[in-house]
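Notes follow the structure.
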Protein chains: 2
Amino acid sequence: MLNYSASEENYIKAIYRLQRQDGTVTTNELAHELKTKPASVTDMMKKLKLKKLLRYQPYQGFRLTQEGGKVALGIIRRHRLWEYFLAEKLKFTWDEVHEVAEDLEHVSSKKLIDKLDEFLGFPRVDPHGDPIPDAHGRMETSKKIILTELPAGTPAVVSNVINQSTAILELLEHKKIIIGTRLEVKKKFEFDESLEIRIGRQPAFTISHQLAENIFVQLV
Amino acid sequence: MLNYSASEENYIKAIYRLQRQDGTVTTNELAHELKTKPASVTDMMKKLKLKKLLRYQPYQGFRLTQEGGKVALGIIRRHRLWEYFLAEKLKFTWDEVHEVAEDLEHVSSKKLIDKLDEFLGFPRVDPHGDPIPDAHGRMETSKKIILTELPAGTPAVVSNVINQSTAILELLEHKKIIIGTRLEVKKKFEFDESLEIRIGRQPAFTISHQLAENIFVQLV
DNA sequence: AAAATTATTTAGTTTTGTCTAAATAATTTT
DNA sequence: AAAATTATTTAGACAAAACTAAATAATTTT
Ligand SMILES: [Mn+2]
Ligand SMILES: [Mn+2]
Ligand SMILES: [Mn+2]
Ligand SMILES: [Mn+2]
């Protein structure tokens, strides 16, 4: 597998993420995601097409090729292993890891990453609950549902938090919700879409729709 | 302290290393050290001068300013901490650490490095025996002498190996010489400048001038 | 179906870091 | 002290990655 520049890697990773949702990715979406200009996206897309990492016809959207997908998984593996390292070994808080991992992910020594993986004990998920691809690019694909769509009375476990800001971390810490927390929705209120939830045998409490939207759970 | 590009950092580090030896650094020396062309060096020197990291008059040599020296120590700190991490935690061998650290050193989060330092237990020297600057840029300055200049009969401890190749590591492992080994020169042979040395109470053995040149020791 | 709006691409610049070839300065040899 | 050699700088080009402004294509509104 060839080596790509940090810039190319950031584009590849963004396309991978966006195409999970929409199937195909547009110029404007990418420009917005990467905080760059549409014209810059077009330039880079031509380059990545030439390198056979993606397919696209002018004015249609982009899609990674099989090879492009493999490259993306490699970058995501590096990113999430570093995040795990920062949180677990260096005691970074949850909201601090992403920014640093955004740089570390571009150091591409295969040996470094495989040894790091081993040192960390082959973790399956990063500090936000996102799965870490293994050395062959395989990763866990457990069915996760948004907390807002969990039916009342169904026990579930928090598996993933999307938003990685300091603000959401503060709130989650206050509410004592972390990845792995087992909870149940008691009631859904139509007016403001807030949820009443219960953790274990503790008294139930309320969380806002905005918060619930960012929490994914798995059925148990 | 501002942020510098990987390229600028590699130049700064190289100047720092070379000026330790010669006091001042020339265009050709730098070009050779960095495997680049003299014209590229001149370009970069203008840039670093503009940023007040070095002093130079055309056709004289270069010297880092005080600020330039501080920046250099920061890069060296990152480089050596990563080398220590790779060797100690990830079990890289001695000859493999430098190349990877050459990339990792350019990830410049201060918090990352200070936490890494703490995680590693504030190590004083990297795997080759070179001192690691602390968070304030201070580092050990123990007097080291080349093994070829150690007088016969004076006990000393191996503190440092300059050459970092796989080849020298193989030889040192075979001879059971590592950093920290206590030894004594028994005899120096004029003909080929080979040395007879003894480790502890074991039988004495011979090492070549080429090998001895790359080993530094400290008196005990 | 035209017109208006929105999305995307193209054209032309800019910055950073590199290179080759040519010019000039400094040093060494004769 | 010239001449020859070596070191350094300058001039001009190039590639990567970004940007702005203008052109064009696609979509939506009227
Ligand atoms: Mn992340
Ligand atoms: Mn990144
Ligand atoms: Mn090194
Ligand atoms: Mn480097």
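Predicted, not measured: the structure shown is a model, and the values here were computed from it. Labels below follow one simple rule: chain letters A, B, ... track the order of the sequence lines, proteins then strands, and each chain is numbered from 1. Scope of the values below: all heavy atoms of this structure, side chains included, with no hydrogens, waters or symmetry mates.
- Rounded to whole angstrom, the span from the CG atom of B/Asp43 across to the C1' atom of C/dT15 amounts to 13 Å.
- For the pair A/Lys115 and B/Glu96, the salt-bridge criterion is not met [side-chain N within less than 4.0 Å of a carboxylate O].
- One finds a side-chain N or O of A/Asn28 lying less than 4.0 angstrom from the OP1 or OP2 phosphate oxygen of C/dT8.
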* To do: Scan nucleotides 24-29 of chain D nucleotide by nucleotide, 5' to 3', and note B when protein non-hydrogen atoms come under 4.0 Å of the base, S if they reach only the sugar-phosphate, - if neither.
  => BSS---

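- Here A/Glu105 does not pair with A/Arg77 in a salt bridge; the nearest charged N to carboxylate O distance is not below 4.0 Å.
- When the P atom of C/dT8 is taken as reference, atom CD of A/Glu29 falls 8 Å away, rounded to whole Å.
- Going from atom CD of B/Glu8 over to atom P of C/dT16 covers 9 Å, rounded to whole Å.
- Aromatic pair A/His98/A/His128: centroids not less than 6.0 angstrom apart.
- Not one side-chain nitrogen or oxygen of A/Tyr11 sits closer than 4.0 Å to the OP1 or OP2 atom of D/dA16.
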Can you give me every donor-acceptor pair (side chain of residues 132-141 of chain A, partner residue at least two apart or in another chain, under 3.5 Å) with its distance?
from     : atom 1 : to       : atom 2 : distance (Å)
A/Asp134 : OD1    : A/His136 : N      : 2.7
A/Asp134 : OD1    : A/Gly137 : N      : 3.1
A/Asp134 : OD1    : A/Arg138 : N      : 3.0

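- Among pairs with a residue in residues 48-68 of chain A, those fulfilling side-chain hydrogen bond (donor to acceptor under 3.5 Å, both in side chains) read A/Glu8-A/Lys51, at least two apart in sequence or across chains.
- In this structure, A/Trp94 contributes its side chain and A/Leu169 its backbone to no donor-acceptor pair below 3.5 Å.
- The side chain of A/Thr42 contributes no N or O atom lying less than 4.0 Å from OP1 or OP2 of C/dT10.
- Considering only side-chain N and O atoms, A/Ser5 lies nowhere under 4.0 angstrom from the phosphate OP1 or OP2 of D/dA16.
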* side-chain contact (heavy atoms from CB on, under 4.5 Å) between B/Ile146 and B/Asn214: does it pass, once the steps are laid out? -> CA-CA 7 Å; B/Ile146 308 193; B/Asn214 285 287; over 6 Å; no

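- Between B/Tyr56 atom OH and D/dT9 atom C1' the separation is 8 Å, expressed in whole Å.
- Paired runs in DNA chain D that reach 3 or more consecutive Watson-Crick or G-U pairs, where each pair keeps both distances under 3.5 Å, cover C:1-30 with D:1-30.
- The side chain of B/Thr36 contributes no N or O atom lying less than 4.0 Å from OP1 or OP2 of C/dT18.
- Evaluation of the ring-ring contact (aromatic ring centres under 6.0 Å, His included) rule for B/Phe85 yields A/Phe85, B/Trp82 as partners, not counting sequence neighbours.
- Closest approach of B/Asp130 and B/Lys144 over heavy atoms only: CA-NZ, 4.5 Å.
- Listed pair B/Thr27 / D/dA7 fails the phosphate criterion, with no side-chain N or O lying under 4.0 Å from OP1 or OP2.
- Nucleotide D/dT8 holds its C1' atom 17 Å from the NE2 atom of B/His32, rounded to whole Å.
- Atom CE in B/Met45 sits roughly 14 Å away from atom C1' in C/dT18 (whole-Å rounding).
- The CG atom of A/Leu34 sits 13 Å away from the C1' atom of D/dA18 (whole-angstrom rounding).
- Nearest-nucleotide positions on DNA chain D for A/Ala6 and A/Ala39 put A/Ala6 closer to the 5' end.
- Whole-Å rounding puts the A/Lys51 NZ to D/dA15 P distance at 14 Å.
- Residue B/Ser7 places no side-chain N or O under 4.0 Å from the OP1 or OP2 atom of C/dT16.
- The phosphate of C/dA21 (OP1 or OP2) has no side-chain N or O of B/Lys37 nearer than 4.0 angstrom.
- Looking at residues two or more places apart in sequence or on another chain, you find no ring-ring contact (aromatic ring centres under 6.0 Å, His included) involving B/His106.
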